[in-house]
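This chain uses plain numbering: 1 for the first residue, then up along the sequence. As the structure is a prediction and not an experimental result, all values here were calculated from the model.
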Amino acid sequence: QVQLVESGGGLVQAGGSLRLSCAASGRTFNSYAMGWFRQAPGKEREFVATISRSGGSTYHVNSVKGRFTISRDNAKSMVYLQMNSLKPEDTAVYYCAARSSTYWTAIYNRAPEYEYWGQGTQVTVSS
């Protein structure tokens, strides 16, 4: 099992930046592919970005491509989401998720594929 704790959310003006962090417990962090999802009020949870076990494969949803970057540090059991050029429509609770994977380079972009979730961190972008 793995436990996930997000941090780094907050209130920022449009055009600003935030870096979200997700700390994972356990000694087998590199057994898990990781993802970031978000949920805005009244909307369904949506995929944002995913990264493979190795960190060599990533995928970002079109709406954040060129603005957000997912990364991981397996030695520190951390995954990050660097968010630049933030827009009011990025306002949401952001969740970190993990799923065990046999494949070193596989990535996953659907919420049901993930086994473990953090509690979320609020990101609010003012216009």
Side-chain angles (χ1 to χ4, degrees):
Q1 284 199 359
V2 62
Q3 292 185 327
L4 305 172
V5 179
E6 302 96 334
S7 61
L11 173 63
V12 64
Q13 288 188 335
S17 297
L18 285 174
R19 188 174 85 150
L20 304 185
S21 299
C22 174
S25 66
R27 296 176 292 176
T28 58
F29 179 67
N30 63 8
S31 297
Y32 297 91
M34 302 297 296
W36 285 98
F37 292 77
R38 66 186 180 186
Q39 188 167 18
K43 295 187 177 182
E44 293 186 353
R45 190 170 297 190
E46 68 167 344
F47 166 76
V48 177
T50 180
I51 189 166
S52 63
R53 289 173 54 194
S54 67
S57 299
T58 62
Y59 179 73
H60 301 76
V61 70
N62 284 342
S63 60
V64 308
K65 281 182 180 177
R67 300 189 299 121
F68 292 10
T69 303
I70 189 172
S71 62
R72 67 188 294 161
D73 185 335
N74 284 343
K76 295 182 178 179
S77 298
M78 297 289 294
V79 64
Y80 306 99
L81 186 67
Q82 178 66 44
M83 305 187 296
N84 299 326
S85 302
L86 282 159
K87 303 176 180 180
E89 51 264 43
D90 295 319
T91 295
V93 177
Y94 283 72
Y95 298 91
C96 174
R99 69 150 284 159
S100 57
S101 177
T102 301
Y103 305 104
W104 197 234
T105 58
I107 52 177
Y108 306 89
N109 64 349
R110 297 187 306 117
E113 295 179 294
Y114 285 83
E115 303 161 86
Y116 305 103
W117 293 83
Q119 82 290 348
T121 186
Q122 175 70 47
V123 171
T124 303
V125 184
S126 63
S127 57

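Note on Val93 and Val61: same hydrophobic cluster, where clusters join Ile, Leu, Val, Met, Phe, Trp and Tyr whose side-chain heavy atoms are under 4.5 Å apart, directly or indirectly.
Scanning both residues, Asp90 and Ser85, for their nearest heavy atoms gives OD2-O, 4.5 Å. Taking all atoms of both residues into account, the shortest heavy-atom contact from Ala40 to Ala92 is N-CB, 3.8 Å. Considering every non-hydrogen atom in both Val79 and Met34, the closest pair reads CG1-CE, 3.9 Å. Scanning all heavy atoms of the two residues, the minimum distance from Glu6 to Gln119 falls at OE1-OE1, 2.9 Å. Closest heavy-atom contact between Ala49 and Leu81: CB-CD1, 4.2 Å. The minimum heavy-atom distance between Ser52 and Ile107, with the atom names listed, is N-CG2, 3.6 Å.
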(message) Test side chain to side chain contact (heavy atoms under 4.5 Å, CB included) on Trp104 and Asn30; report intermediate values, then the result.
(response) CA-CA 9 Å; Trp104 197 234; Asn30 63 8; 4.2 Å; yes

(request) Please report the C-alpha distance between Lys65 and Tyr59 in whole Å, then the side-chain angles of each, then the deciding distance to 0.1 Å, and finally whether the side chain to side chain contact (heavy atoms under 4.5 Å, CB included) criterion is met. (result) CA-CA 9 Å; Lys65 281 182 180 177; Tyr59 179 73; 4.0 Å; yes

Could you give the side-chain donor-acceptor pairs of residues 9-23 under 3.5 Å, partners two or more places apart or in another chain?
from	atom 1	to	atom 2	distance (Å)
Ser17	OG	Asn84	OD1	2.9

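Residues passing the side-chain hydrogen bond (donor to acceptor under 3.5 Å, both in side chains) test with Tyr108, sequence neighbours excluded: Ser101.
Arg99 CZ to Tyr32 OH: the interatomic distance, rounded to the nearest 0.5 Å, is 11.0 Å.
The backbone N or O of Phe29 sits nowhere less than 3.5 Å from a side-chain atom of Asn74 that would complete a donor-acceptor pair. Side-chain atoms of Ser25 come within 3.5 Å of backbone N or O of Gln3 as a donor-acceptor pair.
Between the side chains of Tyr114 and Thr50, a donor-acceptor pair is found at a separation under 3.5 Å. With hydrogens and angles left out, the side-chain atoms of Arg38 and Tyr94 include a donor and acceptor closer than 3.5 Å. Between the side chains of Ser71 and Gln82, no donor-acceptor pair of N or O atoms lies under 3.5 Å.
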